[in-house]
Amino acid sequence: MNVLELKNVTKTYKHKNANENIDLKLESGVYGLLGPNGAGKSTLMKQMATITKPSSGKILYNNKDIQSLDENYRELVGYLPQDFDAYKNFKAKDFLMYMAALKGMDKNTSKKRVDELLKLVGLSEVSNKLVSKFSGGMKRRVGIAQALLNNPKVLILDEPTAGLDPQERTRFRNLLSQIGKDTIVILSTHIISDIESVAKETIMIKDGKVLLQGTHKQILEDMAGKVYTVTTTDESIVNEIQKNYKVVNINRGIEDTSIRFISENKPNYENIEITKQRFEDVYMFYFDLEDAREV
Ligand SMILES: Nc1ncnc2c1ncn2[C@@H]1O[C@H](COP(=O)(O)OP(=O)(O)OP(=O)(O)O)[C@@H](O)[C@H]1O
């Protein structure tokens, strides 16, 4: 059994609810926590990692409160904080050995595990280099490795792909698919493509509340019939659509313009087509698109 349940979790900072009445049930597999800046993703993850306690509500691991499980729960958790910074004056390998010691792992097990992890995150060849000389993506990979040291059953990764280049991202996604077989993996991001390919379920969060939780298929099905494209030469129609609807994309061609937008009902325009929905349409429907795309 490997189940993490959040029951009516609320976290209040100075009269403001960073998380409000959150109910979630997570089992082995990868969950993507998607939401704009300030939505409450980090706060939620910090509570799952026991860095901070809920103001009210409970978090249960296999039906037991994680606060009362205490060390027994923390031993099962791997956590990559958003602002993780490896001690810069350590060499990569020494840093991971140090983190393993802090986690109470014995030296022989640590040595083996550290070598394994350095290989897994593609840092074996630079294991004796100072972390201070690493690129942002390499430092993030050190962070991912330290979260995996104790073979966690619950892996909490706060924006793990920040700073990773496309190749590093692909490697990371493959790694997660592997780990997600028998581990609860929760990763936060505002990059849709990070979770599109790897998450079994996506949890969308806004203003501290869960808007929806579902598989990609379910979430996309809910958007069916809400995405339209109008192709026109008339700029005033483009302006009108921009004013009245959530626009996902405008494609200005030589002869005409195609404008893709979201609407609950079919508007009355010439050359309007229902368009197959994509995940970025979903993001646009619930949030704004500005930081949803991979950069
Ligand atoms: N320690 C704190 N004290 C006061 N307010 C806080 C604290 N931590 C978070 N908040 C507030 O709680 C809300 C949620 O913040 P949180 O960092 O959880 O969001 P997020 O979704 O992780 O955002 P981002 O993507 O920018 O990291 C924000 O309004 C934030 O300002």
Side-chain angles (χ1 to χ4, degrees), residues 4-26 30-59 66-67 74 77-86 136-137 139-144 146-147 152 154-165 168-169 172-173 176 184-196 198-199 201-214 219 279-280 282-295:
L4 191 68
E5 272 178 287
L6 283 79
K7 298 204 167 193
N8 215 11
V9 168
T10 294
K11 179 75 188 178
T12 311
Y13 290 118
K14 294 181 201 143
H15 312 298
K16 185 181 184 285
N17 286 343
N19 292 148
E20 199 172 310
N21 303 120
I22 303 235
D23 285 310
L24 289 173
K25 186 174 182 185
L26 313 175
V30 181
Y31 294 83
L33 199 53
L34 189 67
N37 292 128
K41 304 181 292 296
S42 296
T43 304
L44 195 61
M45 296 182 119
K46 279 182 195 160
Q47 292 170 93
M48 292 176 183
T50 69
I51 304 298
T52 182
K53 284 185 196 164
S55 306
S56 62
K58 276 196 171 132
I59 305 180
I66 60 170
Q67 297 299 334
R74 269 192 288 276
V77 173
Y79 175 50
L80 172 68
Q82 188 175 23
D83 50 8
F84 172 82
D85 205 0
K139 284 183 190 150
R140 209 70 192 139
R141 285 191 268 153
V142 175
I144 292 165
Q146 67 76 33
V154 179
L155 179 61
I156 302 162
L157 304 169
D158 199 347
E159 303 211 8
T161 60
L164 298 192
D165 65 29
E168 288 173 322
R169 253 181 211 165
F172 174 69
R173 286 173 196 158
L176 281 194
I184 302 168
V185 183
I186 308 126
L187 78 104
S188 72
T189 183
H190 41 239
I191 297 169
I192 292 166
S193 58
D194 275 346
I195 50 177
E196 235 174 346
V198 79
E201 285 190 13
T202 295
I203 299 157
M204 292 178 82
I205 173 166
K206 187 181 182 182
D207 297 332
K209 300 186 193 83
V210 172
L211 290 180
L212 57 91
Q213 176 183 4
I219 292 174
F279 214 78
E280 65 174 2
V282 179
Y283 196 98
M284 187 65 202
F285 187 65
Y286 289 104
F287 314 128
D288 284 316
L289 203 58
E290 70 232 358
D291 57 2
R293 289 202 187 95
E294 198 168 320
V295 280

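Basis for what follows: all heavy atoms, side chains included, without hydrogens, waters or symmetry-related copies. Note that ligands are numbered from 1 as they come in the structure, with each ligand's atoms numbered from 1 the same way.
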Main-chain N/O of Pro36 paired with Lys41 side-chain donor or acceptor, under 3.5 Å: yes

Any donor-acceptor N or O pair under 3.5 Å, side chains Asn17, Thr10: no

The single option from Leu212, Val210, Leu33 passing side chain to side chain contact (heavy atoms under 4.5 Å, CB included) against Met204: Leu212

Contact residues of ligand 1, where a non-hydrogen atom lies under 4.0 Å away: Tyr13, Lys16, Ala18, Pro36, Asn37, Gly38, Ala39, Gly40, Lys41, Ser42, Thr43, Gln82, Glu159

Listed partners of Phe279 passing ring-ring contact (aromatic ring centres under 6.0 Å, His included), at least two apart: His216

Going by atom type alone, with no hydrogens or angles, which donor-acceptor pairs under 3.5 Å involve a side-chain atom of residues 44-52 and a protein atom two or more places apart or on another chain?
residue	atom	partner	partner atom	Å
Gln47	NE2	Asn19	OD1	2.8
Gln47	NE2	Thr43	O	3.1
Thr50	OG1	Arg74	NH1	3.0
Thr52	OG1	Lys11	NZ	2.8

Those residues that, when tested against Arg140, pass salt bridge (Lys or Arg N to Asp or Glu O under 4.0 Å) (two or more places apart): none

